[in-house]
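Have a look at the structure below, then the notes.
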Amino acid sequence: MPTTICTWNINSVRLREPIVLKLLEEQQPDVLCLQECKAMVDLIPTENFAKLGYSLIARGQKAYNGVALLSRIPMEDAGHRDFVGKKDARHVAGRLENGVTIHNFYIPAGGDVADREVNEKFGHKLDFLSEMQDWFATDTPEKSILVGDLNIAPREDDVWSHKQLLKVVSHTPVEVDALDAVQKSGNWVDITRKDIPDGQLYSWWSYRAKDWALSNKGRRLDHIWATEDISNTAHSSRIYADARGWEKPSDHAPVFATFDF
DNA sequence: ATGGTAGGTCTCCTA
């Protein structure tokens with residue numbers, strides 16, 4: 001059975017309920033993983049999602065962060081982890097009936113300055129990545145998918161200008177190395193790049209551009225990974241950039257992967 | 001080199 005997973009940083013699930021419904025109706029993913037819901041769990045509008053057959057597993061907080069799984073196939077809550085000693089709703093996991101675990105992450109953005117001595121948000125980001133690395137090294141994931149807004153564009157062709165972004169948070173060598181270490185520690189395979197190995201690929205375009213599509217200064221911040229035991233069942237991936245141009249859009253586009261479990 | 005937009009909200013913090 002093909003199973004389609006989608007990840008999308010929604011930047012307020014309440015404000016963007018209409019386009020979440022549009023995506024569910026139009027694309028019918030089996031599981032939609034959201035980040036930056038920016039709401040307590042009981043304030044997430046579930047009624048219309050349920051009408052389309054989607055149930056909710058979420059972790060939330062007021063105004064910031066928040067991650068959710070909307071699934072139209074049976075899924076149980078597989079818990080969450082609080083990273084760097086904060087209860088800031090940046091991770092939640094769900095488990096499908098076939099035993100596949102889906103981890104949904106919202107890694108800290110890291111602020112503006114790529115130096116932990118002067119910017120504690122950058123330190124928080126690096127500590128978060130380090131804790132992810134330790135966790136996956138200690139507790140090796142199997143039959144797992146990891147998705148989310150990882151806030152790092154690792155490859156030269158994951159950004160509009162490698163040279164101009166080398167010192168910009170999201171594409172600095174220290175972050176890229178840390179993300180690589182996380183990937184290696186859990187034996188994760190980058191499914192999007194396995195399916196689409198060549199060419200520029202972006203999932204985020206700033207709100208600040210006059211014309212995001214024309215200037216096309218994007219970055220691939222949103223990722224779908226899988227452990228090696230199921231990575232060979234992945235057969236297609238896409239980034240649905242059209243959604244960046246929808247009414248009242250998120251600044252992120254949905255990223256899709258389909259697996260034959 | 002600078003400033004640009006957006007969301008949620010203890011009118012400023014985060015991205």
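So you know, we letter chains A, B, ... as the sequences are listed, proteins then strands, and number each from 1.
Here dA15(B) presents its P atom at 21 Å from CH2 of Trp8(A), a figure rounded to the nearest Å. Regarding His252(A), its NE2 atom lies at a distance of 8 Å from the C1' atom of dA15(B), rounded to whole Å. Here the C1' atom of nucleotide dA15(B) and the NE2 atom of His124(A) are 14 Å apart, to the nearest Å. Whole-Å rounding puts the Gln164(A) CD to dT2(B) P distance at 16 Å. For Asp149(A) and dT14(B), the CG to C1' distance is 13 Å, given to the nearest whole Å. Going from atom CG of Asn11(A) over to atom P of dT14(B) covers 15 Å, rounded to whole Å. Atom NZ of Lys167(A) and atom C1' of dA1(B) are 15 Å apart (whole Å). Summarising the geometry, the separation between OH on Tyr207(A) and C1' on dG7(B) is reported as 8 Å, rounded to the nearest angstrom.
Residues Val13(A) and Tyr106(A) both approach DNA chain B. Their nearest nucleotides, taken by heavy-atom distance, put Val13(A) toward the 5′ side. Residues Ala209(A) and Asn65(A) both approach DNA chain B. Their nearest nucleotides, taken by heavy-atom distance, put Ala209(A) toward the 5′ side.
Ring geometry, Phe128(A) versus His124(A): the interplanar angle exceeds 60°, so the pair is classed perpendicular (tilted spans 30 to 60°). Note: His103(A) and His91(A) have parallel aromatic rings, judged against thresholds of 30 and 60 degrees for the angle between ring planes.
Closest approach to the Lys62(A) side chain among dT9(B), dG7(B), dA15(B) is made by dT9(B) (side chain taken as heavy atoms from C-beta onward). Checking dA15(B), dA6(B), dT14(B) against the side-chain heavy atoms of Arg16(A) singles out dA6(B) as nearest.
A donor-acceptor contact shorter than 3.5 Å is absent between the side chain of Asp190(A) and the backbone of Trp225(A). Between the side chain of Lys217(A) and the backbone N or O of Ser206(A) there is no donor-acceptor pair closer than 3.5 Å.
Ring centroids of Phe256(A) and Trp8(A) are separated by 6.0 Å or more, keeping the two rings apart.
When heavy atoms are screened at a 4.0 angstrom cut-off, Lys248(A) is found touching the sugar-phosphate backbone but no base atom. When heavy atoms are screened at a 4.0 angstrom cut-off, Lys121(A) is found touching the sugar-phosphate backbone but no base atom.
Between dC10(B) and dT14(B), the distance separating the two P atoms is 14 Å to the nearest Å. When the C1' atom is used for both dT11(B) and dG7(B), the distance is 14 Å, rounded to whole Å. Of the P atoms belonging to dC13(B) and dT9(B), the separation is 16 Å, rounded to the nearest Å. Rounded to a whole angstrom, the distance from the C1' atom of dA1(B) to that of dA6(B) is 24 Å. Across the C1' atoms, dA15(B) and dG3(B) are found 16 Å apart, a figure rounded to whole Å.
For dT2(B), neither phosphate oxygen OP1 nor OP2 lies less than 4.0 angstrom from any side-chain nitrogen or oxygen of Arg208(A). Between dT14(B) and Arg90(A), no contact under 4.0 Å exists linking OP1 or OP2 to a side-chain N or O.
Between Lys86(A) and Asp127(A) no salt bridge is recorded (no basic side-chain N to carboxylate O distance below 4.0 Å).
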